Amino acid sequence: DPATYRLETIKAYWPEHPIHVHIMSKYPSKWISHFENYAEIVFVHYEIDEDLSSVKNQINEQKMKSGVVLTMATDPSEVKDDITDCSNVMILSIPKPGKSGQSFDMNAISRINSINMWNERKHFHLYVDGGVNEKNIQLLNVEGVVSGSSVLCHDNPSKQIMRLQTSNNYEQI
């Protein structure tokens with residue numbers, strides 16, 4: 001079972017803060033019900049070994065919003081019809097899913113730019129996860145980012161979060 005007590009703690013400290021869960025499993029349907037009391041959005045990979053439409057429906061039936069994650073191995077234009085009915089799409093901008101601390105794959109920029117040109121783009125939020133730091137965040141025209149190692153491995157995580165939030169205003173690459 002997933003350690004949902006962590007989500008319970010987060011919810012207790014920040015009750016108004018939305019929680020997003022990213023399930024990294026080929027069979028996400030067995031985990032979804034564990035998050036129904038905590039998560040607002042549940043992200044699953046496009047590359048699962050289950051019917052994606054059924055999994056998205058399962059998430060939505062439990063009063064959560066579904067999100068689809070695309071790895072760098074999947075071309076967004078080839079799966080457009082399968083993902084644009086979702087309210088959230090995430091680009092996993094690293095070469096190997098599941099391994100923290102990897103560098104940002106600059107090919108993700110062209111994917112983001114391409115997705116941002118879609119007519120359907122106004123119907124979903126776009127996120128990026130993987131290798132995001134204060135040097136590349138200003139290149140990301142998205143609604144949200146996940147920046148694990150950049151924050152958690154920093155001497156002062158709070159300061160690093162502030163740097164990420166403001167780097168677009170002050171820093172140049």
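Please read these numbers as outputs of a predicted model, since none were measured by experiment. Hydrogens, waters and symmetry mates are skipped; everything else that's a heavy atom, side chains included, is used.
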*Asks:* For residues Val44 and Pro28, report the shortest heavy-atom separation together with the two atoms involved.
*Replies:* CG1-CB, 3.6 Å
*Asks:* Look at the side chain of Glu47 and the backbone N and O of Thr71, then say whether any donor-acceptor pair between them is shorter than 3.5 Å.
*Replies:* yes
*Asks:* Where is the tightest heavy-atom contact between Trp31 and Tyr27, given as atom of each residue plus distance?
*Replies:*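 In this case the closest contact between Trp31 and Tyr27 is CD1-O, 3.6 Å.
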*Asks:* Could you give me the CA-CA distance, side-chain angles and deciding distance for Lys56 and Asp85, then say whether salt bridge (charged side-chain N to carboxylate O under 4.0 Å, His left out) is met?
*Replies:* CA-CA 10 Å; Lys56 290 188 297 187; Asp85 66 338; 2.6 Å; yes
*Asks:* Check whether more than 12 heavy atoms from other residues, nucleotides or ligands sit under 6.0 Å from atom NZ of Lys65, and answer yes or no.
*Replies:* no
*Asks:* Assess the residue pair Leu70 and Val68 against the criterion (side chain to side chain contact (heavy atoms under 4.5 Å, CB included)); give the C-alpha distance rounded to whole Å, side-chain angles, the decisive distance to 0.1 Å, and a yes or no.
*Replies:* CA-CA 7 Å; Leu70 301 177; Val68 176; 4.3 Å; yes
*Asks:* Establish, from distance only, whether the side-chain atoms of Asp51 and Ser53 form a donor-acceptor pair under 3.5 Å.
*Replies:*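 Side chains of Asp51 and Ser53: no pair found under 3.5 Å.
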*Asks:* With a 4.5 Å heavy-atom cut-off, do Ile109 and Leu140 have their side chains touching?
*Replies:* yes
*Asks:* Under the 3.5 angstrom rule, does the side chain of Asn88 hit a backbone N or O of Leu126 as a donor-acceptor pair?
*Replies:* no
*Asks:* If you look at every heavy atom in Met24 and His45, which pair is closest and at what distance?
*Replies:*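 Met24 and His45 have their closest heavy atoms at CG-NE2, 3.8 Å.
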*Asks:* Looking at His34, is its backbone amide N or carbonyl O close enough to the side chain of Thr4 to form a donor-acceptor pair, meaning the two atoms are under 3.5 Å apart?
*Replies:*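 Not at all, since once roles are kept as given, no pair shorter than 3.5 Å links the two residues.
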*Asks:* Between Ser33 and Gln62, does any side-chain donor sit less than 3.5 Å from a side-chain acceptor?
*Replies:* no
*Asks:* Is there a donor-acceptor pair closer than 3.5 Å between any side-chain N or O of Asn133 and the backbone N or O of Asn136?
*Replies:*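 The answer is yes, because a donor-acceptor pair under 3.5 Å joins these two groups.
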*Asks:* If only atom types and distance count, is the side chain of Ser93 paired as donor or acceptor with the main-chain N or O of Asp129 below 3.5 Å?
*Replies:* yes
*Asks:* Taking Gln58 for its side chain and Ile32 for its backbone only, find out whether a donor-acceptor pair lies under 3.5 Å.
*Replies:* no
*Asks:* When the ring planes of Phe43 and Tyr127 are compared, do they come out parallel, tilted or perpendicular, using 30° and 60° as the limits?
*Replies:*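 Phe43 and Tyr127: perpendicular rings.
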*Asks:* For salt bridge (charged side-chain N to carboxylate O under 4.0 Å, His left out), just list the numbers for Arg121 and Glu143, CA-CA rounded to whole Å, side-chain angles, deciding distance to a tenth of an Å, and then say yes or no.
*Replies:* CA-CA 11 Å; Arg121 175 61 175 92; Glu143 283 77 32; 2.8 Å; yes
*Asks:* Does Tyr5 offer a backbone N or O that forms a donor-acceptor pair with the side chain of Thr9 under 3.5 Å?
*Replies:* yes
*Asks:* Is there a side-chain contact between Met106 and Leu139, using heavy atoms and a 4.5 Å cut-off?
*Replies:* yes
*Asks:* Please confirm whether the backbone N or O of Lys80 pairs with a side-chain atom of Thr84, one donor and one acceptor, at under 3.5 Å?
*Replies:*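 Pair found, side chain donor or acceptor close to backbone of Lys80.
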*Asks:* So, the side chain of Arg111 versus the backbone of Met72: is there a donor-acceptor pair under 3.5 Å, distance only?
*Replies:* yes
*Asks:* Closer than 3.5 angstrom, by distance alone: can the side chain of Gln102 be matched with the main-chain N or O of Lys96 as a donor-acceptor pair?
*Replies:* yes
